[in-house]
Structures are given as structure tokens and as C-alpha cells.
Amino acid sequence: MDAIQIQAFKKQLEELKQQLLESEEASKEDTKPVELDQQSVGRLSRMDAMQQQQMYQERARRRKVQVQKVDGALRRIEAGEFGECFVCGQDITLKRLQFDPTQTRCIECLESTD
């Protein structure tokens, strides 16, 4: 992989991280505890609100994991290890990295763990 491709991946990862952080900031209100005031909300509405809260919390957890993956990929770029399989050390295909630049394993090693 050449320096231009690596810089393109770095830019893509930085933009993805920014989007994830903006999304996290915008959804902070959604993960706050549900008000359980029986006078203002019926039982089914409270259950629905709690279910919605759980879905928002799961989305927040997934965003956090994705940010960690992006940070890892950016660290690998800085260390000169981006695009190398963690297991076998071979290059991860460009097509695979274009699909998901946070990948840490080549397809062969990924399939062998299943």
C-alpha cells in the first residue's frame, strides 16, 4: 500500500470518528433515565419509553466500540502497521480495507477462527 492510499484511509477514518462523536453528542439526551411518573404517563407509554432508552443505550455502546476501532486503526497508521493482519502478518486486501478500514485480520485468518 502506498503513502497516498494510507493518507486517504487516515482522512476517511478521521471523518468517521468525527461523525461518530457528533452523533454521540447529539444523542446524549436519549440515554438519560426514564421518568417513572405514573400521573403523567400510562404504563404502556413508560414501557415503550424504557424500551426506546435501551435501544439508544445500545446504539451508544456500538458507537463507542466503533470509535475504539477507528482509534486503533489511526494508531496503526501512525505506527506503520496499517493493513497488516494481526494474526499472520500478511497484508489485508485493499478491497477489504476499503469496505472497513478498521479491519485487523485478513480474510483467511478471519475465516479460520470461525
Side-chain angles (χ1 to χ4, degrees):
M1 193 174 330
D2 63 25
I4 294 172
Q5 290 171 319
I6 290 176
Q7 285 303 316
F9 280 120
K10 183 176 181 179
K11 183 178 181 195
Q12 179 184 0
L13 288 162
E14 288 170 344
E15 289 172 357
L16 176 59
K17 182 177 179 179
Q18 184 63 33
Q19 290 171 356
L20 289 166
L21 293 175
E22 287 172 2
S23 178
E24 181 179 338
E25 188 63 34
S27 67
K28 279 189 177 183
E29 184 71 27
D30 297 331
T31 58
K32 288 186 176 179
V34 175
E35 180 83 23
L36 295 177
D37 182 9
Q38 292 185 2
Q39 308 315 20
S40 63
V41 181
R43 180 173 168 242
L44 292 177
S45 296
R46 284 192 317 279
M47 289 172 56
D48 185 48
M50 291 188 313
Q51 184 180 23
Q52 285 284 34
Q53 179 194 34
Q54 290 295 317
M55 290 189 314
Y56 290 136
Q57 288 173 343
E58 177 59 19
R59 284 187 200 134
R61 186 195 66 77
R62 288 181 186 189
R63 270 193 306 273
K64 184 177 180 180
V65 168
Q66 188 64 24
V67 167
Q68 290 172 342
K69 287 180 177 183
V70 169
D71 285 340
L74 289 169
R75 281 192 302 273
R76 288 190 298 280
I77 287 173
E78 294 303 317
E81 299 170 350
F82 181 75
E84 295 176 12
C85 177
F86 275 5
V87 177
C88 68
Q90 298 297 315
D91 288 340
I92 299 171
T93 63
L94 187 59
K95 195 171 188 179
R96 183 163 170 74
L97 289 171
Q98 287 171 336
F99 179 75
D100 181 3
T102 65
Q103 288 297 314
T104 58
R105 295 183 185 166
C106 67
I107 195 72
E108 292 82 18
C109 290
L110 185 67
E111 288 176 346
S112 69
T113 61
D114 289 341

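The residues of the chain are indexed from 1 along the displayed sequence.
Both I77 and L16 are assigned to one and the same hydrophobic cluster, defined by single-linkage of ILVMFWY side chains at heavy-atom distances under 4.5 Å. Taking hydrophobic clusters as Ile, Leu, Val, Met, Phe, Trp and Tyr residues chained together by side-chain heavy-atom distances below 4.5 Å, L74 shares a cluster with M1.
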**Message:** Pair C88, E108 - check side chain to side chain contact (heavy atoms under 4.5 Å, CB included), show working.
**Reply:** CA-CA 9 Å; C88 68; E108 292 82 18; over 6 Å; no
For residues 91-103, tabulate all N or O donor-acceptor pairs below 3.5 Å that involve a side-chain atom, not counting sequence neighbours.
residue: T93; atom: OG1; partner: R96; partner atom: N; Å: 3.3
residue: R96; atom: NE; partner: R105; partner atom: O; Å: 3.0
residue: R96; atom: NH2; partner: Q103; partner atom: OE1; Å: 2.6
residue: D100; atom: OD1; partner: T102; partner atom: N; Å: 3.0
residue: D100; atom: OD1; partner: T102; partner atom: OG1; Å: 2.6
residue: D100; atom: OD2; partner: T102; partner atom: OG1; Å: 3.3
residue: D100; atom: OD2; partner: Q103; partner atom: NE2; Å: 2.8

Less than 3.5 Å apart, which donor and acceptor atoms pair up between the side chains of residues 65-72 and the rest of the protein, not counting sequence neighbours?
residue: D71; atom: OD1; partner: K17; partner atom: NZ; Å: 2.7

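Side-chain atoms of Q18 and E14 include no donor-acceptor pair closer than 3.5 Å.
In this structure, S112 contributes its side chain and C109 its backbone to a donor-acceptor pair below 3.5 Å.
The CD atom of E25 sits 10.5 Å away from atom CZ of R63, with the distance rounded to the nearest 0.5 Å. Considering CD of Q52 and CD of Q57, their distance stands at 11.5 Å, rounded to 0.5 Å.
Among residues at least two apart or in separate chains, side-chain hydrogen bond (donor to acceptor under 3.5 Å, both in side chains) pairs with a member in residues 2-12 are K10-E78.
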